[in-house]
Amino acid sequence: MGTHADLLKRRQAVMPSWLSLYYDEPIEIEYGKDRHVFDAEGTSYLDFFGGILTTMTGHAVPEVTAAITEQAGKILHSSTLYLNRPMIELAERVAELSGLDDPRVFFTSSGTEANDTALLLATGFRSSNQVLALRNAYHGRSFSSIAITGNSGWAPTSLSPVQTYYVHGSRRRGTPFADLSDTAFIDACVSDLEDVLSQVKDNVACFIAEPIQGVGGFAMPPDGLFAEFKKVLDRHGILWISDEVQTGWGRTGEHYWGWQAHGQDGAKPDMITFAKGLGNGLSIGGVVARAEIMDSVAANSISTFGGSPITTAGALANLRYALEHDLQGNAKRVGALLRQRLDEAAARFPVVGEVRGKGLMLGVELVDGQGNPSAAAASQVLEHTKAHGVLIGKGGLHGNVLRIAPPLSLTEDEAEHGAAVLAAAFAAVAS
């Protein structure tokens with residue numbers, strides 16, 4: 001029995017059956033370097049998914065590894081009950097980069113926990129458990145974040161601590177809004193928001209949205225939609241939470257945060273949640289919010305693991321590396337090349353229904369001969385690219401969208417290679 005097969009059998013004996021695995025023959029990733037990973041059987045892969053958009057700068061980046069090693073030789077843990085220099089220094093940098101007015105930062109251990117915290121802050125600040133969320137949304141796997149998830153495939157229970165109202169604002173393909181222009185779509189979504197609010201009693205706490213939906217298959221609104229939403233939200237005193245767990249830190253290329261594509265007329269969120277890329281694999285997330293919101297908690301609170309010395313030291317080094325090497329600029333430049341190659345492939349192969357996204361956050365929606373979502377085609381492409389040394393992800397409401405999100409340090413040659421493997425996979429599926 002091979003190494004991977006043996007490990008799979010052991011996993012099945014001790015771990016939940018609902019814990020998803022990719023591939024007919026799952027692989028163990030043993031180590032990585034730059035944009036490549038290597039499995040336990042010695043096979044090399046170009047990493048086009050980054051551990052779910054988490055490996056931001058690359059694998060085994062020396063500057064990041066050195067910072068983690070140095071801190072590990074000092075102290076791993078102390079909790080928020082003590083002053084923590086790396087945590088404070090990282091908070092200062094995140095606050096500066098946030099673009100928010102009078103920001104305060106709270107660190108967590110994950111994006112799920114970050115969104116959970118933001119909901120706690122918003123509902124307490126507004127004295128309301130009513131929340132607006134986008135259809136097709138995903139915000140985590142905690143009890144409260146599942147309650148605002150607009151994708152039934154990721155919501156195992158209908159029980160909820162909040163009352164959620166879903167509005168249109170991202171997914172167009174397969175909806176009555178499919179043929180609308182950007183301007184008409186924005187107008188329709190704003191009208192929908194107004195209509196929903198006209199039917200809601202009392203006050204609504206917040207509106208939470210991903211600028212580009214991650215698990216939702218990189219569905220995205222037209223630029224400026226949330227600025228129009230903000231005008232409506234402000235009339236009702238409703239807070240705007242931008243879930244930047246996947247879009248933050250320059251991944252979209254054109255902006256540092258996804259919300260900035262909607263920052264017309266000074267519109268900005270009241271809170272930003274973040275995670276994934278900041279830690280480059282370390283377990284870190286957090287919330288940055290206006291001080292009056294962050295400081296409104298009227299109870300004792302600490303965090304045992306949020307902002308630990310080792311995670312914040314590593315994250316700070318990772319953030320510095322990304323800024324010093326202008327990885328946002330690289331995401332814009334190399335992402336444009338990759339998008340061009342995917343668009344060219346889409347024109348050749350009818351199995352590609354749509355290419356979308358920004359920077360190095362690109363989605364490819366696959367369809368069958370009748371133009372319907374094809375999860376089978378997505379699974380076939382995943383197997384083909386794996387067999388030819390490229391790892392990608394998938395998602396979407398119907399499980400038919402390829403998610404392409406390599407480290408932001410991706411080179412042009414690597415983009416060309418990955419695109420060629422993907423085009424060959426499209427050809428194989430279409431044949």
Can you list the steps and then say if E194 with S191 is a side chain to side chain donor-acceptor pair (under 3.5 Å)? CA-CA 5 Å; E194 294 269 25; S191 295; over 6 Å; no

Test side chain to side chain contact (heavy atoms under 4.5 Å, CB included) on L422 and L342; report intermediate values, then the result. CA-CA 8 Å; L422 281 161; L342 292 174; 3.9 Å; yes

Before you tell me yes or no, could you show the steps for V352 and V355 under side chain to side chain contact (heavy atoms under 4.5 Å, CB included), namely the whole-Å CA-CA distance, both residues' side-chain angles and the distance that decides it to 0.1 Å? CA-CA 7 Å; V352 179; V355 180; 3.9 Å; yes

Working for salt bridge (Lys or Arg N to Asp or Glu O under 4.0 Å), residues R320 and E63: CA-CA 9 Å; R320 285 172 176 161; E63 291 87 339; over 6 Å; no

Show your working on side chain to side chain contact (heavy atoms under 4.5 Å, CB included) between V401 and K394 and close with a plain yes or no. CA-CA 5 Å; V401 182; K394 66 175 180 177; over 6 Å; no

Checking salt bridge (Lys or Arg N to Asp or Glu O under 4.0 Å) for the pair K268/D270: CA distance, chi angles, key distance, verdict? CA-CA 7 Å; K268 60 180 65 177; D270 299 284; over 6 Å; no

Go through W154 and V215 one step at a time and tell me if the side chain to side chain contact (heavy atoms under 4.5 Å, CB included) criterion holds. CA-CA 9 Å; W154 292 89; V215 169; 3.1 Å; yes

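S242 places none of its side-chain heavy atoms less than 4.5 Å from the side chain of W257. Here the side chains of F229 and W240 are not in contact, with every heavy-atom distance at 4.5 Å or above. Looking only at side-chain heavy atoms (C-beta outward), I146 and P156 come within less than 4.5 Å of each other. Counting only heavy atoms from C-beta outward, the side chains of V367 and R173 approach each other to under 4.5 Å. The shortest side-chain heavy-atom distance between L239 and L233 does not fall under the 4.5 Å cut-off. At a threshold of 4.5 Å between non-hydrogen side-chain atoms, the residues H384 and H388 count as touching. Within the 4.5 Å cutoff, no side-chain heavy atoms of F207 are placed close to those of K230. Annotation: side chain of V288 is not in contact with side chain of F107 (no heavy-atom distance under 4.5 Å).
Between the side chain of T55 and the main chain of G58, no donor-acceptor pair closer than 3.5 Å is present. Of the possible polar contacts, none joining the T149 side chain to the N151 backbone as a donor-acceptor pair under 3.5 Å is found. Side chain of Q328 to main chain of G253: a donor-acceptor pair is present (N/O by atom type, distance under 3.5 Å, no hydrogens or angles). For the pair Q71 (side chain) and I75 (backbone), a donor-acceptor distance under 3.5 Å is present. At least one donor-acceptor pair under 3.5 Å links the side chain of N318 to the backbone N or O of G277. Proximity of a side-chain donor or acceptor of S128 to a complementary backbone N or O of N203 within less than 3.5 Å is detected. In this structure, the side chain of E244 engages the main chain of G258 through a donor-acceptor pair within 3.5 Å. Using modelled atom types, one side-chain atom of Q260 and one backbone atom of Y256 make a donor-acceptor pair closer than 3.5 Å. With hydrogens and angles ignored, the 3.5 Å screen pairs no side-chain donor or acceptor of H417 with any backbone N or O of D413.
The environment of NZ in K386 is crowded: more than 12 heavy-atom neighbours from other residues, nucleotides or ligands sit within 6.0 Å. Within a 6.0 Å radius of CG in D179, other residues, nucleotides and ligands contribute 12 heavy atoms or fewer. For E30, the CD atom is densely surrounded, since the number of other residues' heavy atoms within 6.0 Å is greater than 12. The neighbour count for Y166 OH, taken as heavy atoms of other residues, nucleotides or ligands under 6.0 Å away, is above 12. Within 6.0 Å of CG in L83 there are 12 or fewer heavy atoms belonging to other residues, nucleotides or ligands. Other residues, nucleotides and ligands place more than 12 heavy atoms under 6.0 Å from the CZ atom of R235. The neighbour count for L323 CG, taken as heavy atoms of other residues, nucleotides or ligands under 6.0 Å away, is above 12. The local environment of CZ in R341 is crowded, with over 12 non-hydrogen atoms from other residues, nucleotides or ligands closer than 6.0 Å.
In this structure, CD1 on I208 lies 4.5 Å from CD1 on I241, to the nearest 0.5 angstrom. A distance of 8.0 Å separates OG1 in T43 from CD1 in I27, rounded to the nearest 0.5 Å. One finds the CZ atom of R126 at 12.0 Å from the OG atom of S296 (value rounded to the nearest 0.5 Å). Distance CG/N84 to OG1/T311: 8.0 Å, rounded to 0.5 Å. Taken from NE2 in H236 to NZ in K231, the straight-line distance is 14.5 Å, to the nearest 0.5 Å. The CH2 atom of W249 lies 7.5 Å from the CE atom of M56; values are rounded to the nearest 0.5 Å.
Salt-bridge formation is not detected for the pair D116/R141: no Lys NZ or Arg NE/NH1/NH2 atom is positioned less than 4.0 Å from an Asp or Glu carboxylate oxygen. Between E70 and K74 there is a salt bridge, since at least one side-chain N of the basic residue sits less than 4.0 Å from a carboxylate O of the acidic one. Taking a cutoff of 4.0 Å between a charged side-chain nitrogen and a carboxylate oxygen, R172 and D182 qualify as a salt bridge. Under a 4.0 Å N-O distance rule, the pair E28/R11 does not qualify as a salt bridge.
Side-chain atoms of S110 and E113 form no donor-acceptor pair, as typed in the model, at a separation below 3.5 Å. A side-chain N or O of Y165 and one of Q130 form a donor-acceptor pair less than 3.5 Å apart. Between the side chains of E414 and T411, a donor-acceptor pair is found at a separation under 3.5 Å. For the residue pair H139 and D243, a side-chain donor N or O sits within less than 3.5 Å of a side-chain acceptor on the partner. Side-chain contact of N136 with S170: a donor-acceptor pair under 3.5 Å is absent, judged by distance alone. Using modelled atom types and a 3.5 Å distance limit, the side chains of T57 and N280 yield a donor-acceptor pair. Side chains of D47 and H59: a donor-acceptor N/O pair is present below 3.5 angstrom, by distance only.
Residues P211 and W259 come closest through the heavy atom pair CG-N, 3.7 Å. Closest approach of P407 to L360, counting heavy atoms only: O-CD1, 3.7 Å. Considering every non-hydrogen atom in both A227 and Q264, the closest pair reads CB-OE1, 3.6 Å. What you find for A375 and N400 is that their closest heavy atoms are N-CB, 3.7 Å. Of all the heavy atoms in T123 and L120, the pair that sits closest is OG1-O, 3.3 Å. Residues V287 and F274 approach most closely at N-CE2, 3.7 Å, considering heavy atoms.
Because its NZ or CZ atom is not both nearer than 6.0 Å to the ring centre of F49 and within 45° of the ring axis, R403 does not count as a cation-pi partner of that residue.
H36 and Y45 have their aromatic ring centers separated by at least 6.0 angstrom.
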